[in-house]
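Note that ligands are numbered from 1 as they come in the structure, with each ligand's atoms numbered from 1 the same way.
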Amino acid sequence: MPKTRNISFSYTEYTSADEMAPSDRELVVSSREIAMNAYAPYSNFKVGSAVRLQSGRVVTGTNVENAAFPSGICAERTALSNAISNFPGDRPVAIAVSAVTPSGPTGDQVSPCGLCRQFIAEEELRNGKKIRIILSGKDKILVIDSISDLLPLQFNKDDLRTVLP
Ligand code: THU
């Protein structure tokens, strides 16, 4: 008999960064500040991301677009790549993302694209520790415990176990 199963998750919603714990608030502020540096002439959607490492260090990144559109990269992958490349032993514990449009910061939260979710999932699995995801907007900030919540039934290295040495 087929079974219907359910996947659900809980998250915390804030209406202002002022309500957050200081270290998460700082991450939101860093992602908002770095968004101004984005190179986004094609979408005008400037995104900033800030990664908190286990040591407490914060590493940031922005989206970087390209005339050959698919060559562009999102802020989350820039920030995480920056962290992984420069501080290899220092594991990410949280990542914040914010966006600014020509009319100002977005009111609603920004959600990571599928590629970024997959990228964060690889890092979370590698660390064996959850990475807190902070999706920030001017009027709404969502805090999610783990990328598994945003990418259920994910494909990862466990799926490759039969073919890997
Ligand atoms: N973008 C990000 O950098 N992060 C997201 O979470 C959503 C989308 C970028 C990609 C592209 O440069 C622009 O925003 C519009 O899609």
Exam field: side chain Glu19 to backbone Thr15, donor-acceptor pair closer than 3.5 Å: yes
Those protein residues which place at least one heavy atom below 4.0 Å from ligand 1: Ser43, Phe45, Val47, Asn63, Glu65, Cys74, Ala75, Glu76, Val110, Ser111, Pro112
Sequence neighbours excluded, every pair satisfying ring-ring contact (aromatic ring centres under 6.0 Å, His included) that has a member inside residues 134-165: none
Residues 72-79, side-chain donor-acceptor partners within the protein, below 3.5 Å, at least two apart:
residue, atom, partner, partner atom, Å
Thr78, OG1, Thr62, O, 2.8
Thr78, OG1, Cys74, O, 3.0

Note: Arg132-Asp24 ion pair, threshold 4.0 Å (strictly below): yes
Salt bridge Glu122-Lys157, side-chain N to carboxylate O under 4.0 Å: no
Those residues that, when tested against Tyr39, pass ring-ring contact (aromatic ring centres under 6.0 Å, His included) (two or more places apart): none
